[in-house]
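Below is one structure, written out as structure tokens; comments come after it.
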Amino acid sequence: MISFNVPPYVGKEQEYIAEAIAAHKICGDGAFTKKCNKWIEDKTGVSKALLTTACSTALDMAAILTEVGPGDEVILPSFTFVSTANAFVLRGATLVFTDIRPDTQNIDEKLIEDAITDRTKVIVPVHYAGVGCEMDTIMDIAKRHDILVVEDAAQGVMSTYKGRALGSIGDYGCYSFHETKNYSMGEGGALLIKDEGKVDRAEIIREKGTDRSKFLRGVVDKYTWVDMGSSYLPSEMNAAYLYAQLEEADTINNSRLASWNAYYEMLSPLAEEGRIELPVIPEECKHNAHMFYIKTKDIEERSDLASFLKENGILAVFHYVPLHSAPAGSRFGRFHGEDRYTTNTFERLLRLPMFYGLSLDQTEFISDKIKEFYRNR
Ligand SMILES: *Cc1c(COP(=O)(O)O)cnc(C)c1O
């Protein structure tokens, strides 16, 4: 059986976790958390990166920092994971879903301006499959309308848009280190903060609304409750696991890209015959091979292909139920404009196995099976 995902493991994780335990520092913000924060800061150029317990909680923190509230509107794609939306629902904001582009499955930047009202406070581009949204256009719209940008870069660690790291372009960026992502700590994430002036408040929100971070740095002589917040710090043992992988980020990235390129090459003939569609990577974007997906003709063909692959020991999966058609979606928001590609993509997209350690033999076997399916169809 070829799994859809295998959590990444490079070899030093256990040693680093043992180090964290031996240092008698297993709660948040120990040496490994600081090393991970610094690695992200060096890689992306943001003022501050803070490890969090999930990308979902990094999004929650970003939503608090944007100060959205009831009556305010947030523009996001409907084709995304629920956490993108939940963070703003928890603040009482109204969601305005827009359609995606059929090539990258990212928010269609040309539809954003029409969705803006005088209540729009935030735009949330989601970098699907680690391929950057059209950020220059989005940042320009945001600037002209005085709107903040929170990048959901859960899938975008190590990806760039015009040479800039995903997650470092908007006001805030959110990474995921869940076990299904390229670099993992089991459950975890990070908040990236562009503006130095927002760092203090972010640290306070992450430390249960206290100024404990300042206290630990010796800036204040006692710590106290100064703002709203919660516990968004991951444990050192999780950070230790992650740091082992960040040290090997290029190895992991190159290996995933090799799998991705192998799929692309082997499946190209089917795309040229017009049987399937392959992912499109815009020239401005360098991606991280987070995902390899194909698009079939329709939902029926997708189901048949997924079943055929399963019979042959290959697990292929699909997502996302469009948020605007989910029960909570209609309660907390509305779809603006026409749904040309969101539902269509949900029905046709199939994700193939993709993980660190997937072998070329496996990508070849999977590609051959897909070709066999289409030969007999
Ligand atoms: C994985 C993912 C999340 C959530 O990440 P967690 O770390 O599991 O909270 C949010 N948004 C997108 C687009 C994701 O892919």
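Counting convention: from 1, in listed order, for ligands and their atoms alike. Numbers here are sequence positions counted from 1.
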Do we get Arg302 above Phe318's six-membered ring, with its NZ or CZ under 6.0 Å from the centre and within 45° of the axis? yes
Any residue meeting side chain to side chain contact (heavy atoms under 4.5 Å, CB included) with Glu301, in chain and number order, not counting sequence neighbours: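 Counting only residues at least two positions away or on another chain, Glu301 forms a side chain to side chain contact (heavy atoms under 4.5 Å, CB included) with Thr296, Lys297, Asp298, Phe373, Tyr374, Arg377.
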Return the set of residues passing side-chain hydrogen bond (donor to acceptor under 3.5 Å, both in side chains) with Tyr264 (not counting sequence neighbours), or none when no residue passes. none
Show me the pairs that pass salt bridge (charged side-chain N to carboxylate O under 4.0 Å, His left out) and involve residues 184-200, at least two apart or across chains. Asp200-Lys214
Check the surroundings of atom CD1 in Ile26: do more than 12 heavy atoms from other residues, nucleotides or ligands lie under 6.0 Å from it? no
State which residue, out of Phe346, Phe97, Phe79, Tyr293, fulfils the ring pair (Phe, Tyr, Trp, His ring centres under 6.0 Å) condition with Tyr320. Phe79
At less than 3.5 Å, what protein N or O atoms come close to the N or O atoms of ligand 1? Include the distances to 0.1 Å.
residue: ligand 1; atom: 5 (O); partner: Ser176; partner atom: OG; Å: 3.3
residue: ligand 1; atom: 7 (O); partner: Cys55; partner atom: N; Å: 2.8
residue: ligand 1; atom: 7 (O); partner: Ser176; partner atom: OG; Å: 2.7
residue: ligand 1; atom: 7 (O); partner: Gly188; partner atom: O; Å: 3.4
residue: ligand 1; atom: 9 (O); partner: Cys55; partner atom: N; Å: 3.3
residue: ligand 1; atom: 9 (O); partner: Ser56; partner atom: N; Å: 2.8
residue: ligand 1; atom: 9 (O); partner: Ser56; partner atom: OG; Å: 2.5
residue: ligand 1; atom: 11 (N); partner: Asp152; partner atom: OD1; Å: 3.3
residue: ligand 1; atom: 11 (N); partner: Asp152; partner atom: OD2; Å: 2.8
residue: ligand 1; atom: 15 (O); partner: Gln155; partner atom: NE2; Å: 2.8
residue: ligand 1; atom: 15 (O); partner: Lys181; partner atom: NZ; Å: 3.2

